[in-house]
Student: 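Questions regarding the structure given below will be posed in turn.
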Amino acid sequence: MVYWTVVDGAATHAHAQGFDTAEMVPAMGFMEALRKRQRDGEGIRFITMCSEHPDVVGHPGVDVTGADYNWKKRRS
């Protein structure tokens with residue numbers, strides 16, 4: 001997904017455009033077109049891309065650990 005915000009005076013409008021996982025080049029081209037419009041003076045801000053791995057094995061976010069969880073930081 002490519003996300004960006006359009007600033008129109010005091011109002012902001014969030015936008016998103018979806019791309020297939022095989023469409024990295026078109027997504028990058030779309031972002032560059034948004035950046036060109038931004039450089040030309042349009043009120044486009046916060047242009048970013050975010051992705052999710054389609055084969056992720058866990059749930060995103062924070063989970064509760066059990067009593068047997070014993071993580072230690074190895075560097076101090």
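Note that the numbering runs from 1 along the sequence shown for the chain. This one's a predicted model, so the numbers in the text were calculated from it and none came from an experiment.
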Student: State plainly whether one hydrophobic cluster holds both Met28 and Phe30, where clusters connect Ile, Leu, Val, Met, Phe, Trp and Tyr through side-chain heavy atoms under 4.5 angstrom apart.
Tutor: yes
Student: Starting at NE2 of His15, measure out to CZ of Phe46 and round the result to the nearest 0.5 Å.
Tutor: 13.5 Å
Student: Quick check: closest heavy atoms across Cys50 and Tyr3, and the distance to 0.1 Å?
Tutor: CB-CE1, 4.0 Å
Student: Are Val6 and Met1 connected, step by step, through hydrophobic side chains (Ile, Leu, Val, Met, Phe, Trp, Tyr) whose heavy atoms are closer than 4.5 Å?
Tutor: no
Student: For the atom pair CD (Glu42) and CG (Asp8), what is the distance rounded to the nearest 0.5 Å?
Tutor: 11.0 Å
Student: Test of understanding: clusters of I, L, V, M, F, W, Y form through side-chain heavy atoms closer than 4.5 Å, transitively. Do Phe19 and Met24 belong to the same one?
Tutor: yes
Student: Tell me, please, which residues at least two apart from Glu32 pass side-chain hydrogen bond (donor to acceptor under 3.5 Å, both in side chains).
Tutor: Arg39
Student: Which pair of non-hydrogen atoms, one from Met31 and one from Thr48, has the smallest distance, and what is that distance?
Tutor: CE-C, 4.0 Å
Student: Could you measure the distance from the CZ atom of Arg35 to the CD1 atom of Ile44? Nearest 0.5 Å is fine.
Tutor: 11.0 Å
Student: Kindly write out the residues that satisfy salt bridge (Lys or Arg N to Asp or Glu O under 4.0 Å) with Asp68, not counting sequence neighbours, or none if the list is empty.
Tutor: none
Student: Backbone N or O of Val2 within a donor-acceptor pair of the Gln17 side chain at under 3.5 Å?
Tutor: no
